J.: 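Got a structure for you, questions after.
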Amino acid sequence: MELRELISGAGDEHALWARTINPQFVRVLRTIGFDRKWASAHGAHLYDADGNRYLDMLGGFGMYNVGRNNPRIRAALIEALELDTPGMLAMGVTALPGMLAEALLERTPPRLERCLFTSSGTEAVEAALKLGRAATKRARVVSTDHGFHGLTLGSLSANGNPEFTARFQPLLPGFSHVPFGDLDALERELRTEDVAIFIVEPIQGKGVNLPPAGYLEGAQELCRRYGTLFCVDEVQTGFGRTGTMFAFEHWGLEPDLVPVAKSLSGGYVPVGALLMSRAVHEAVFDSMSNALSHGSTFAPNELAMAAGLATLRELEEQQLVERSARLGERLLEQTLPLVDEFDVVRDVRGLGLMWAIEFEGDSRMYRLLERAQRGLFAQLVVVPLFSDHRILTQVAGHDMAVVKVLPPLMVADEDVDEFVAALRATIARARRMPTSLTKFALSAAGIGR
Ligand SMILES: Cc1ncc(COP(=O)(O)O)c(C=O)c1O
């Protein structure tokens, strides 16, 4: 099979997707002008078919911490293919999964002693919910408003965003939500001692909400007091994103359950894992007849294991975790002044290279935009950042005027500076709200309606 020829003969990929995969998504891309023909990518840059270079500040929703097409990860994968390893034996084991499990557990607190591999983040969360409920013999799960843990049914039941959940009711029974940051509300749920798991992102991805001081430590303490498992979802925040290998290190947490995924893939091979305490594992996998109580065909996949091992090595050899901390500080330092510079900038926040800017305004035009769709002003920033400055970013969630970035951790200082200069110019322009842009935004607000 000549893949290069096949691809070049495939015709218009947007039309192909619209015909076969998701016409509404293609409509969205066309409306906001993101429908480029993409040709290649290296590190923190994407190239379109006309040879234009784009700075990727979105990192595939956080799966490219080591950069796109990282040559060392690729070499490891080629080597793994050339080794003709036995692959997945189903009834048998090989070394690579054990090696990656050990490498992950060595980098986390001693409380975490077992690793269950999956092929995605949501599957790792599903495993936490299923095993955690069985281990505690409790049925209830508590999560947070605006929390995001994936889109399969169990993870979706823990999702605190009505725009994802409303149309898929009824979800699983026994799930409750509490405001992120509110320890009293959490205690009211936990003190009935029937809650199996409290699941929380250390920094919420939807909106990039940082926890108030003492919140996560307090939540862990409450979980211990009432016999609830403390599950810290590191799918997005793991592997250096926030300037430490795992975000829970910032608060010295020792969770019972930690789902990871995204960047463990090296940007190449889907992989996730649930890291858990020995107590949880042994409560479920408690006999030979229960040895296969949970798992899936593709996990652990040998190529995914090779990608994971190469990713951990890359993060350390290239000092990407430290780099994330340093560049995150640079980004924050350069963008915090925007709050005073522009009346529409309400807040700038972040930790490591997980960063966001929030807008707010009371001009007539701003209110008109908000009435059309909450958070619409953020599109007036994301769209020109892309079309005028060739920088890829995203709106951080539905109904919120927040623009978010999750760049590859190997971005350069100059990339950060370029982003800040483009952001400043874009906000200045969006604030003046030229009529054409406003019209565009109002028509974009009709997307999906
Ligand atoms: C915190 C968090 N948990 C879970 C998931 C789900 O991961 P996946 O998309 O691999 O299923 C995501 C995805 O964005 C996430 O951000």
Side-chain angles (χ1 to χ4, degrees), residues 22 25 58-65 116-130 132 141-161 163-165 168 171 175 177 180 197-211 216 219 230-242 244 246-248 250 253 255 257-276 296 298-301 304 307-308 311 350-356 393-398 400 402 404-407:
N22 188 342
F25 180 53
L58 176 49
F61 295 140
M63 64 172 271
Y64 286 109
N65 287 10
L116 180 139
F117 285 110
T118 66
S119 305
S120 68
T122 198
E123 274 180 88
V125 171
E126 294 286 343
L129 300 177
K130 181 177 157 184
V141 174
V142 175
S143 57
T144 58
D145 294 341
H146 305 298
F148 187 94
H149 304 285
L151 295 177
T152 53
L153 212 50
S155 307
L156 190 64
S157 304
N159 192 311
N161 303 280
E163 64 276 12
F164 285 106
T165 56
F168 301 97
L171 297 174
F175 282 69
H177 299 88
F180 183 69
I197 301 147
F198 171 55
I199 180 166
V200 66
E201 300 154 88
I203 298 172
Q204 289 190 316
K206 298 283 165 221
V208 185
N209 301 317
L210 287 126
L216 293 170
F230 184 45
C231 178
V232 177
D233 183 343
E234 292 269 3
V235 168
Q236 186 162 132
T237 49
F239 307 109
R241 170 58 51 201
T242 70
T244 48
F246 295 100
F248 58 62
H250 292 291
L253 305 173
L257 300 163
V258 177
V260 297
K262 288 197 190 273
S263 278
L264 184 60
S265 63
Y268 277 104
V269 191
V271 62
L274 175 65
L275 309 177
M276 70 190 111
S296 82
F298 289 120
N301 166 307
T311 297
L351 193 57
L353 283 172
M354 184 168 183
W355 173 97
T393 58
Q394 69 167 131
V395 178
H398 286 70
M400 56 176 77
V402 181
K404 167 180 176 184
V405 305
L406 297 170

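Worth saying up front: this structure is predicted, and the values here are computed from it rather than measured. Read the numbers this way: they start at 1 and go in the same order the structure lists the ligands and their atoms. Numbers for residues simply follow the sequence, beginning at 1.
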J.: Walk me through it: do T152 and T122 pass the test side-chain hydrogen bond (donor to acceptor under 3.5 Å, both in side chains)?
T.: CA-CA 6 Å; T152 53; T122 198; 2.8 Å; yes
J.: How about R241 and P407: do any of their side-chain heavy atoms sit closer than 4.5 Å?
T.: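 Sidechains of P407 and R241: in contact.
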J.: Among protein heavy atoms, which lies nearest atom 7 (O) of ligand 1, and at what distance?
T.: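 The closest one turns out to be G121 CA, 3.3 Å.
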J.: Is atom 11 (O) of ligand 1 less than 4.0 angstrom from some protein heavy atom?
T.: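 Under the 4.0 Å cut-off, atom 11 (O) of ligand 1 does have protein heavy-atom neighbours.
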J.: To the nearest 0.1 Å, how far is atom 3 (N) of ligand 1 from its closest protein heavy atom, and which atom is that?
T.: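 Checking every protein heavy atom, the shortest distance to atom 3 (N) of ligand 1 gives D233 OD2, 2.7 Å.
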J.: Of the protein's non-hydrogen atoms, which lies at the shortest distance from atom 13 (C) of ligand 1, and what is that distance?
T.: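 The closest heavy atom on the protein side is K262 NZ, 3.2 Å.
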J.: Which heavy-atom pair separates P255 from F248 by the least distance, and what is that distance?
T.: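 Nearest pair, atom of P255 first, then F248: CG-CD2, 4.0 Å.
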J.: Mind checking what makes ring pair (Phe, Tyr, Trp, His ring centres under 6.0 Å) contact with F164, not counting sequence neighbours?
T.: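 Applying ring pair (Phe, Tyr, Trp, His ring centres under 6.0 Å) to F164 gives F148, H398.
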J.: Distance under 4.0 Å to a non-hydrogen atom of G150: what atoms of ligand 1 satisfy this?
T.: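 So the atoms of ligand 1 that pass are 4 (C), 5 (C), 6 (C).
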J.: Which atoms of ligand 1 sit under 4.0 Å from any heavy atom of T122?
T.: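 Going through ligand 1 atom by atom, the ones under 4.0 Å from T122 are 6 (C), 7 (O), 8 (P), 11 (O).
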J.: Where's the contact between F148 and ligand 1, heavy-atom distance under 4.0 Å: side chain, backbone, both or neither?
T.: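 The part of F148 near ligand 1 is both the backbone and the side chain.
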J.: Atom 16 (O) of ligand 1: which protein heavy atom is closest, and how many Å away?
T.: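 Protein heavy atom with the smallest distance to atom 16 (O) of ligand 1: Q236 NE2, 3.0 Å.
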J.: Of all the heavy-atom pairs spanning P300 and F117, show the shortest one and how long it is.
T.: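 Scanning both residues, the minimum pair turns out to be CB-CD1, 3.7 Å.
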J.: For the backbone of E163 and the side chain of N161, can you confirm whether one donor and one acceptor N or O come within less than 3.5 Å of each other?
T.: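 No: the side chain of N161 does not pair with the backbone of E163.
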